[in-house]
Amino acid sequence: HVLYSDGLYEGPLLRNEITGRAVLVLRSAYAQGGDRRWQGRNQLDLFLQLDNAGVDLVARTLAPWVGKVADSNFHESCKFASKLSLTAEQKPAGIAIYATASVIAPVVGPPIGGWLTENLSWHAIFFMNLPIGLGLIWALWTGLDPGKVRKDEFFKADWVGIAGLVIGLACMIVVLEEGQRVNWFESGEIVRLTMLSIVGFAMVGYSQATRAHPVLKLKLLLRYDYAAGWMCCCVMGAGAFSAPYMVPTFLDAIAGYSAVQTGLVSGYAGITAFLFMPVFAWMLGRVDNRLMIGVGLVGFGVAGIMDSYITVETVGIAFLGSQLIRGAAQMVANLPLSQGATQGLEGDDVADGAALFTVGRNIGGAVGLALTGVLLDRRLTLHTEQLGQGITANSTLGQARGDQLAAGLGSGDPAYDHLQAMGMLTGEVHRQALTMAYIDVFWVVGVLMVFASPLVFLIPRLKKRTGGAAEAVH
């Protein structure tokens, strides 16, 4: 490449204006090394002519020193480009290392939480992250260079938006989770929380309209590609949070599992994610991100449909296959989803988009959990009524089953045995109805995840990485 330029210098070093011309010749060559990685060689030659004879003479005298400075600057610039290229090439490996932490938690978290609940108290779960947090503070304190403290940024923060977000989301989640149990707006507490939620979201809207840098840049949702990815993220959050809620509660209520046992079953999902990590690192940048996200959504759906075949006799090992599929689905879809949706963003929008993605995942999970609880309660009520209509104390089937249970008690008091038998029959009806309710919820969640998979076609495709590093030689 040959570049020609002309211009002038006017500044404190010289009293008079100096004009001149320059020709730059950049030679580049590329070759594939023994490790099959592409390397670049660059050489830059500069020819400078100044119109002032005296200044031109001084420039020629100082040329060796100026040339060394120019060589050093060019060499450092190429080294920076080389490091940038190498970072891009090794990005999947870095993401895989980062993802290690995200899969360790699902493996060890539930068993530890179950052990704390069974041996200490359920209150101890809230302190489980305390030593981890202290270790993280120590690592940040010792591993990062201290930056300049900007106290003024604290007062410039979008406190109205932050407060509105906290109030709006917290009240909304409580309304969704507790509304079913207290007949919704017949409860004064639900009405008050709903009003507070509206006020909170109004505060968020006010900050969006008045702040140059709101806590969440909701305007990004006006971009269809980002909005599609955000919707997928919400759906993914709902699927990822619903299963860890339903599987342990089913095993506790139906199979009679302890907290430790349910924690071990929940940890099945982390096994596949941990073993799948090398393959996941290889796939990033090579496989279409939309395909990976679609496979993840379908995987969540398949796992939910598999769990819909449970019975009252189902135990923890029956969830092994579905939990392994969930672990692989979560690993294969999460990071490609965020990368694909934020690919078209630039500048500060990238950080804002990533933050909004995290909020979307949490919102999807919270709303999914709340709606799952509502659906579970409603289906339990429906199935209890349907089964109860066919099995009553006066029905032939109910009397036959009651006599069978009473005969097995043998206390010597027929009236007492019959009363106990009817209580056992009521409990059996409840277990059957609760199992049917879980079947319905698992099936609904699974089908919704599968139906949400076409959203991936609205997400932009990530550019495939080609790898390689640049080498500067002059």
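Ring geometry for Phe319 against Phe250 counts as perpendicular: the plane angle is over 60°, on a 0 to 90° scale with 30° as the lower cut.
A donor-acceptor pair shorter than 3.5 Å can be found between the side chains of Asp307 and Ser322.
Put simply, the side chain of Trp230 gets close to the backbone of Leu356: a donor and an acceptor are under 3.5 Å apart. Within the 3.5 Å criterion, the main-chain N or O of Ile190 finds no donor-acceptor partner in the side chain of Glu178. Remark: side-chain polar atoms of Asn119 are paired, donor with acceptor, to backbone N or O of Trp115 under 3.5 angstrom. Although no hydrogens or angles enter the test, the distance criterion places a donor-acceptor pair under 3.5 Å between the side chain of Asp158 and the main chain of Val215. Not a single donor-acceptor pair under 3.5 Å links the side chain of Ser197 to the backbone N or O of Thr194.
Heavy atoms only, all atoms of each residue included: Gly373 and Tyr245 are closest at CA-OH, 4.3 Å. A pairwise comparison of heavy atoms in Gly360 and Cys234 identifies O-SG, 3.4 Å as the closest pair. When every heavy atom of Met306 is checked against every heavy atom of Gly321, the shortest pair comes out as CE-C, 4.0 Å.
Thr19 is not listed as a side-chain neighbour of Asp6, based on a closest heavy-atom distance of 4.5 Å or more. Within the 4.5 Å cutoff, no side-chain heavy atoms of Val160 are placed close to those of Val204. In this structure the side chain of Val2 never reaches within 4.5 angstrom of the side chain of Leu24, judged on heavy atoms. Annotation: side chain of Val367 is in contact with side chain of Met172 (closest heavy-atom distance under 4.5 Å). Between Leu264 and Tyr257, the closest side-chain pair of non-hydrogen atoms is not below 4.5 Å. At a threshold of 4.5 Å between non-hydrogen side-chain atoms, the residues Leu216 and Val359 count as touching. Proximity of Ile363 to Leu169: side-chain heavy atoms (C-beta onward) are separated by under 4.5 Å at one or more points. Taking the side chain as every heavy atom from C-beta outward, Ile132 and Leu136 never approach each other to under 4.5 Å.
Atom CE of Met195 has 12 or fewer heavy atoms from other residues, nucleotides or ligands within 6.0 Å. Open room surrounds CE on Met231; 12 or fewer heavy atoms of other groups in view lie less than 6.0 Å from it. Counting non-hydrogen atoms of other residues, nucleotides and ligands closer than 6.0 Å to CD of Glu118 gives a total above 12. When the shell of 6.0 Å around CZ of Phe457 is examined, it contains 12 or fewer heavy atoms from other residues, nucleotides or ligands.
The distance from the OG atom of Ser308 to the CD1 atom of Ile439 is 7.0 Å, given to the nearest 0.5 Å. Met203 contributes atom CE, which lies 12.5 Å from atom CH2 of Trp159 (distance to the nearest 0.5 angstrom). For the atom pair CG of Leu297 and CG of Leu448, the computed distance is 11.5 Å after rounding to the nearest 0.5 Å. How far OG of Ser242 is from CG of Leu376: 11.0 Å, rounded to the nearest 0.5 Å. Between Tyr438 atom OH and Leu251 atom CG the span is 9.0 Å, to the nearest 0.5 Å. Taken from CG in Leu193 to CG in Leu176, the straight-line distance is 11.0 Å, to the nearest 0.5 Å.
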